[in-house]
Amino acid sequence: MTPDRAPVRILVCDDHAVVRAGLLALLDSAPDIEVVGEAGTGEEALALAARLAPDVVLMDLQLGAGIDGVETTRRLTDVPGSSSHVLVLTTYDTDADITRAIEAGATGYLLKAERPDELFAAIHAAAEGRTALSPPVAGRVMANLRRPRPTLTDRERDILAQLARGLGNRDIARALYISEATVKTHLRRIYDKLGVETRAGAVAVAKERRLVP
């Protein structure tokens, strides 16, 4: 740590105790980073952040039970007057995950495969409010910005709305008076257009973009 530079105060949020222990050991090796707390759930992270006011919250996306990393990020960044920045650190790099995290207010998005020095640099960037993205993530973001956002057909919107209600393929088919095969075909197209691979991912992105109520 340089004499005129205060350490970046970090709160680590990851639901895996072993991963947290590894991160704490790694961060402890950086002279200008100070871990002030650790959380295993989104709810715990919110409570600790309110009490500790860290410069950066290092946030995993999947947190097991309770609210996920995206919702935790949204709540953290919605706090009036908060100076904490969220840096996502995850293994997930789908377009849907990246979009949801950034739209929720994350300052940066880093993959766990990055080198320690890149993590340290991203933490300092996030503490200053600068965007920090892993190269693969930055490439995806730029590609998505250049690519026009695909539009859904009326039928695809109808199916997406039923999906958001929690209906299965058979019930969607009955509700819309179409075959299950037709539902599956439309679902594949919806997944491709939204850049997701699962039903839950489609619903999450649809809600983020306000495609469904």
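Starting from 1, each residue takes its place in the sequence as its number. Remember, it's a predicted structure, so these values are computed and weren't measured experimentally.
By the side-chain contact (heavy atoms from CB on, under 4.5 Å) test, Val196 pairs with Ala96, Tyr191, Leu194, Ala202, Val205, sequence neighbours left out. Not counting sequence neighbours, the partners of Ser134 by the side-chain hydrogen bond (donor to acceptor under 3.5 Å, both in side chains) test are Glu114. Every residue meeting the salt bridge (Lys or Arg N to Asp or Glu O under 4.0 Å) condition with Arg130, not counting sequence neighbours, appears here in chain and number order: Glu128.
We find that Arg74 and Glu71 are joined by a salt bridge, their nearest charged nitrogen and carboxylate oxygen being less than 4.0 Å apart.
Remark: the backbone N or O of Pro54 is paired with a side-chain donor or acceptor of Ser84 at under 3.5 angstrom. Listed for the Thr182 side chain is no donor-acceptor partner under 3.5 Å among the backbone atoms of Ile178. Formation of a donor-acceptor pair under 3.5 Å by the Ser29 side chain with backbone atoms of Leu26 is found in this model.
Between atom OG of residue Ser83 and atom CZ of residue Arg9 there is a gap of 9.0 Å, rounded to the nearest 0.5 Å. Here the CZ atom belonging to Arg188 is positioned 10.5 Å from the NE2 atom belonging to His186, to the nearest 0.5 angstrom. The CD1 atom of Ile172 sits 6.0 Å away from the CG atom of Leu187 when rounded to the nearest 0.5 Å. Taking CD from Glu197 and CG from Asp192, the interatomic distance works out to 10.0 Å, rounded to the nearest 0.5 Å.
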Take Leu58 and Leu27 through the test side chain to side chain contact (heavy atoms under 4.5 Å, CB included) and record every step on the way to the result. CA-CA 11 Å; Leu58 207 55; Leu27 295 171; 4.2 Å; yes

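In terms of heavy-atom proximity, Tyr92 sits nearest to Tyr109 at O-OH, 2.5 Å. The minimum heavy-atom distance linking Ile33 with Pro7 is given by the pair N-CB, 4.2 Å. Contact between Val70 and Ala104 at its shortest, heavy atoms only, is O-CB, 3.6 Å. For the residue pair Ala127 and His85, the shortest heavy atom distance occurs at O-CD2, 3.7 Å. Leu61 and Asp97 get closest at one heavy-atom pair: CD1-CB, 3.9 Å.
Taking the side chain as every heavy atom from C-beta outward, Met59 and Thr72 approach each other to under 4.5 Å. Residues Val8 and Val56 have side chains in contact (heavy-atom distance under 4.5 Å, counting atoms from C-beta outward). Side-chain atoms of Glu156 and Lys193, non-hydrogen and from C-beta on, do get closer than 4.5 Å to each other. Side-chain contact between Arg155 and Leu176 is present, with at least one heavy-atom pair separated by less than 4.5 Å. With contacts defined as side-chain heavy-atom distances shorter than 4.5 Å, the pair Ile159/Ile190 qualifies. Counting heavy atoms from C-beta on, the side chains of Leu111 and Thr91 never come closer than 4.5 Å. In this structure the side chain of Leu87 never reaches within 4.5 angstrom of the side chain of Thr107, judged on heavy atoms. By the 4.5 Å heavy-atom criterion applied to side chains, Leu23 and Leu89 are counted as neighbours.
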Ignoring hydrogens and angles, write down the donor-acceptor pairs under 3.5 Å from the side chains of residues 34-43, residues two or more places apart or on other chains.
residue, atom, partner, partner atom, Å
Glu38, OE1, Arg20, NE, 2.9
Thr41, OG1, Glu44, N, 3.0
Glu43, OE2, Ile67, N, 3.2

Got a list of side-chain donor-acceptor pairs under 3.5 Å for residues 119-126, not counting sequence neighbours?
residue, atom, partner, partner atom, Å
His124, ND1, Arg5, NH2, 2.8
His124, NE2, Asp32, OD1, 3.4
His124, NE2, Asp32, OD2, 3.1

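There is no path of hydrophobic side-chain contacts, each under 4.5 Å, that joins Leu24 to Leu11. Cluster annotation: Leu63 and Leu48 are assigned to the same hydrophobic cluster (Ile/Leu/Val/Met/Phe/Trp/Tyr, side-chain heavy-atom contacts under 4.5 Å, transitive). In the hydrophobic clustering of ILVMFWY residues, with side-chain heavy atoms under 4.5 Å counting as a link, Val57 and Leu52 come out together.
Under the salt bridge (charged side-chain N to carboxylate O under 4.0 Å, His left out) criterion, the residue pairs touching residues 46-65 are Asp60-Lys112, with sequence neighbours excluded.
Checked against Arg100 for a side-chain contact (heavy atoms from CB on, under 4.5 Å), the options Asp68, Thr73, Val88 give a single hit: Asp68.
Applying the 6.0 Å contact sphere to CG of Asp78 captures more than 12 heavy atoms from other residues, nucleotides or ligands.
Asn169 and Arg199 are linked by a side-chain donor-acceptor pair at a separation below 3.5 angstrom, with hydrogens and angles left out of the test.
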